[in-house]
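Structure, as structure tokens:
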Amino acid sequence: MSEHHHHIAVLAGDGIGPEVMAQALKVLDAVSGKFGFTVSRKVAFVGGAGIDHCGKALPEETIRACEEADAVLFGSVGGPKWEHLPANEQPERGALLPLRKHFGLYANLRPGVCLPALTHASPIKNELIEGGFDILCVRELTGGLYFGQPRFREREGDDEVVVDTMRYHKSEMVRIAKVAFEAARGRRKRVTSVDKANVLTNSLLWRETMIEVSKDYPDVELLHMYVDNAAMQLVRNPNQFDVIVTSNMFGDILTDEASVISGSLGMLSSASVGAEVALFEPIHGSYPQAAGKNIANPMAAILSGALLLEHFGLKEEAETIRQAVDHTIRDGFVTEDLARPGERSCTTTEVGDRIRARI
Ligand code: NAD
């Protein structure tokens, strides 16, 4: 990958995926034109589109397109059309989980951001979040309770027993800790490690490991918080957090909480990183009710493009996208999910055009 040329795989997927992806690409083109770099792309089918065109949710040619790329820009997958299929063949299970596995995407970075101009859209009392908030959740994605063996359900005399196993290697904890500390260095230099060290052996090693890794980052402050308290603190005072690092299951729950308090799902993007290719996507799904109506908020997809540029080391370029989104919101050009009652709302395309014009 040369400094001025990057190659990405574009997997728009289903529902509103293609509509919001079109806006993200429009904005990427504007930024690359302004700053003089190129992003070539290969478009591939995924999810329901993969099933319809190639017979499966993650076709081989799509995997190849991702392998040949420096990064993947993902839209969203799923919809009622494919819900009758066996669970493992459905768009989400059949595409997203295998993609994560194939590329060893062990860290999920999910911003929980509420811009100052959007505090009215957050369910949190506005006096608690004046000026908005900006949290980055770093969730371990490939270990822990969701993958540990053994897992089973069996009869035990007259009773039944179920077992799930929470299993982590220290090496998995070390690598996720490094992702969090590195991220914090580029932000407000504070990591809150979330665990349940008062109950779980897993969390004891987690906490020890975080402390050990933190010694290589003396410029970053490390705090520890139990997961139940973290869930409460997120809604009481989100501004106390900079980077949150946590295990797979705790991260699953806390990242959803962080997205809800941010206001609209249509604003939030995420990055999944591993040893090889990284993947960038809005956190929302395919919002089938809005598909084809040109009403979905394209900002999450556009901001996924900013995360992608940051991954390529193009910080100023990424910041340019964020500023353009911020200005567009403050100018009042927003889709219906962000419009105040009685305010006019814009179409998906219009918002994309406004952001492009701001670049
Ligand atoms: P969803 O995110 O598609 O929609 C939930 C609600 O969030 C919508 O009703 C809408 O009010 C709001 N919303 C979402 N995106 C928005 C946008 N861009 N602009 C404005 N509002 C937006 O979640 P769902 O309804 O639970 O799932 C729909 C489909 O998406 C399902 O098939 C599900 O499996 C799939 N899904 C895919 C992904 C993914 O591709 N990563 C993630 C979640 C859900």
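Numbering of ligands and ligand atoms starts at 1, following listing order. Note that the numbering runs from 1 along the sequence shown for the chain.
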Looking at Asp164 and Arg153, is there a salt bridge between them, counting it only when a charged N and a carboxylate O are closer than 4.0 Å?
no

Please could you name the atoms of ligand 1 that Gly79 approaches to less than 4.0 Å, counting only its heavy atoms?
32 (O)

Closest protein heavy atom (residue, atom, distance) for atom 14 (C) of ligand 1
His284 CB, 3.6 Å

Measure from the side-chain N and O atoms of Ser122 to the backbone N and O of Ile124, and report whether any donor-acceptor pair falls under 3.5 Å.
yes

Consider every N or O of Tyr287 and every N or O of ligand 1, then say whether any pair is closer than 3.5 Å.
yes

Should the proximity of Leu265 to ligand 1, defined as any heavy atom under 4.0 Å, be assigned to the side chain, the backbone, both, or neither?
side chain

Do Ser247 and Trp206 meet the criterion of a side-chain donor-acceptor pair at a distance under 3.5 Å?
no

Between Gln90 and ligand 1, find which residue part has any heavy-atom pair under 4.0 Å and reply side chain, backbone, both or neither.
neither

Just jot down the ligand 1 atoms closer than 4.0 angstrom to any heavy atom of Ser76, in number order.
40 (O)

Can you tell me which residue and heavy atom of the protein come closest to atom 37 (C) of ligand 1, and the distance to 0.1 Å?
Val77 O, 3.0 Å

Any atoms of ligand 1 less than 4.0 Å from a non-hydrogen atom of Asp337? List them with their elements.
20 (C)

Closest heavy-atom approach to atom 28 (C) of ligand 1 among Gly78, Gly285, Pro288, Ala301 is made by Pro288

Taking only non-hydrogen atoms of Ile16 and a 4.0 Å limit, the atoms of ligand 1 in range are 18 (N)

Numbering the atoms of ligand 1 from 1, which are under 4.0 Å from a heavy atom of Glu281?
41 (N)

With heavy atoms and a 4.0 Å threshold, my read on which part of Thr335 contacts ligand 1 is neither

I'd like to know if the side chain of Gln233 pairs up with that of Gln240 as donor and acceptor (distance under 3.5 Å, no hydrogens or angles considered).
yes

Under a plain distance cut-off of 3.5 Å, with no hydrogens placed, do Trp82 and Asp14 share a side-chain donor-acceptor pair?
no

Tell me, which protein residue and heavy-atom name are nearest atom 30 (O) of ligand 1, and how many Å apart are they?
Ser286 N, 3.0 Å

Donor-acceptor pair, Thr62 side chain versus Phe45 backbone, under 3.5 Å?
yes

Electrostatic pair Lys125:Glu130 at N-O distance under 4.0 angstrom:
no

Any protein heavy atom under 4.0 Å from atom 32 (O) of ligand 1?
yes

Verify, without hydrogens or angle tests, whether His120 (side chain) and Leu338 (backbone) share a donor-acceptor contact under 3.5 angstrom.
yes

Atom 24 (P) of ligand 1 touched by protein (heavy atom, under 4.0 Å)
no

Flag for Tyr146-Asp252: side-chain donor and acceptor within less than 3.5 Å:
yes

Do Thr38 and His4 have a side chain donor and acceptor closer than 3.5 Å?
no

I'd like to know if Arg356 and Asp353 make a salt bridge, using a cut-off of under 4.0 Å between side-chain N and carboxylate O.
yes

Looking only at protein heavy atoms, which one is nearest to atom 19 (N) of ligand 1, and how far off is it?
Asn297 N, 2.9 Å

N or O pair under 3.5 Å between Ser264 and ligand 1
no

SB check Arg354 Asp331 (cutoff 4.0 Å)
no

The closest protein heavy-atom partner of atom 39 (C) of ligand 1 is Leu96 CD1, 3.7 Å

Is it the side chain, the backbone, both or neither of Glu92 that has a heavy atom closer than 4.0 Å to ligand 1?
side chain

Applying a strict 4.0 Å limit to heavy atoms, is Val20 in contact with ligand 1?
no

